[in-house]
Protein chains: 2
Amino acid sequence: MTNAEPWSALGEFIRSQRQLARLSLRQLAELTSVSNPYLSQIERGLYRPSAQVLKSIAEALHLSAETIYAEAGLLDQRGAETAASPRVEAAIRLDPELSTEQKEALIQVYRGFLRGR
Amino acid sequence: MTNAEPWSALGEFIRSQRQLARLSLRQLAELTSVSNPYLSQIERGLYRPSAQVLKSIAEALHLSAETIYAEAGLLDQRGAETAASPRVEAAIRLDPELSTEQKEALIQVYRGFLRGR
DNA sequence: AGCGTTTGCTTGGTAGACTTAGCAACACGT
DNA sequence: ACGTGTTGCTAAGTCTACCAAGCAAACGCT
């Protein structure tokens, strides 16, 4: 059964990158400390590897983690469109300079403004 | 048993972001189509969520996937946090829902908070 | 007081991510 | 011809990410 799972594109991508790097399955397995049979299964699209496995593969192949995550469809590629409103709240929440209470207060004010218009 | 797994920082981060967004576990569960008990376990650091779960959480909380991956240590990538202050102000200025006066007021409040600490 | 709802959590179970052991086919040196 | 090493793969098992069902405590609301 030549089974082509929808996400197998990732596996083929990894395999091609590995071959371009002239690495055998076992060599890549050693570099990533992932078992070689499992790597084989990943490349054939039988399983979807966890993020940590993806990350170590990326490092071993000298790819950026983003590249491989994007290929895996885990990184809604290119700046998410995100409507404007949530962007303000998100920016506030991530600000390391503010305390939790200050964040909540700011968001309350912001929502109050939205409510008015 | 107050066990603090090494990766529980991620869980605490998610929980704080969820609470700042004023969402209950079940609300976030619905948004992410992840079961609420599992979310609870993630937030308490009992399990490490897969990349796809992380991604949907990021979307529901209006965070970039990169942000949450970085928090999970899956994206050791370069300087993640960056200067946050300009980001909040920029987001406010770009918000089309706010009037000019409202934007100025919000930024005044924000700068007041920064002044304090 | 009572009942409905909402909160977060525990329990039991399933599936799939991942491993160790091992196999068949192909290359090489003798 | 026979080793020995390499290649990728299969088989069988373990572990854990994840879900459905359900529970106790806290909240209204009447």
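First the proteins, then the strands, lettered A, B, ... as listed; each starts at 1.
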Drop me the distance from A/Leu63's CG to A/Glu71's CD, to the nearest 0.5 angstrom.
-> 9.5 Å

In B/S/- notation, 5' to 3', how is nucleotides 23-28 of chain C contacted by protein heavy atoms closer than 4.0 Å?
-> ------

5'-most contact on DNA chain D: B/Leu39 or A/Arg18, nearest heavy atom basis?
-> A/Arg18

Side-chain N or O of B/Ser50 less than 4.0 angstrom from OP1 or OP2 on D/dC18?
-> yes

So which one's nearest nucleotide on DNA chain D is more toward 5', A/Pro37 or B/Gln41?
-> A/Pro37

Nearest non-hydrogen partners of A/Leu23 and A/Leu61, listed with the distance | CD1-CD2, 4.1 Å

B/Pro49 has its side chain closest, among C/dC18, D/dC18, D/dA17, to D/dC18

Check whether any side-chain N or O of B/Ser16 sits under 3.5 Å from a backbone N or O of B/Phe13 as a donor-acceptor pair, and report yes or no.
-> yes

Donor-acceptor pair, A/Gln27 side chain versus A/Ser24 backbone, under 3.5 Å?
-> yes

Nearest 0.5 Å please: distance from the CD atom of B/Glu43 over to the CD atom of B/Glu12.
-> 10.5 Å

Whole-Å distance between C/dC9 C1' and B/Glu43 CD?
-> 12 Å

Spacing between A/Arg15 atom CZ and D/dT7 atom P, to the nearest angstrom = 13 Å

Using modelled atom types only, decide if a donor and an acceptor are shared between the side chain of B/Gln102 and the backbone of B/Ser99 within a distance under 3.5 Å.
-> yes

Specify the residue among A/Ser33 and A/Asn36 whose closest nucleotide of DNA chain C lies further upstream toward the 5′ end.
-> A/Ser33

When all nucleic acid strands are considered with a 4.0 Å heavy-atom cut-off, which category describes A/Arg22: base, sugar-phosphate, or nothing?
-> nothing

Return the nearest nucleotide to the side chain of A/Leu25; candidates are D/dT16, D/dT7, D/dG8.
-> D/dG8

Distance (rounded to the nearest 0.5 Å) between B/Leu74 CG and A/Leu54 CG | 9.5 Å

Between A/Ser35 and C/dT20, is there a side-chain N or O to OP1/OP2 distance below 4.0 Å?
-> no

B/Ser40 side chain near C/dG8 phosphate (N/O to OP1/OP2, under 4.0 Å) = no

Roughly, in whole Å, what's the span from CD in A/Gln52 to P in C/dC18?
-> 7 Å

Protein-nucleotide distance (B/Leu46, atom CG; C/dG8, atom C1'), rounded to Å | 13 Å

Of the candidate nucleotides D/dT7, C/dT10, D/dA17, which contains the atom at the shortest distance from the side chain of B/Arg48?
-> D/dA17

Using whole Å, report how far CD of B/Glu30 lies from C1' of C/dT6.
-> 14 Å

Distance test, side-chain N/O of A/Tyr38 to OP1/OP2 of C/dC18, below 4.0 Å = yes

Please give, in whole Å, the distance from C/dT10 P to B/Tyr47 OH?
-> 11 Å

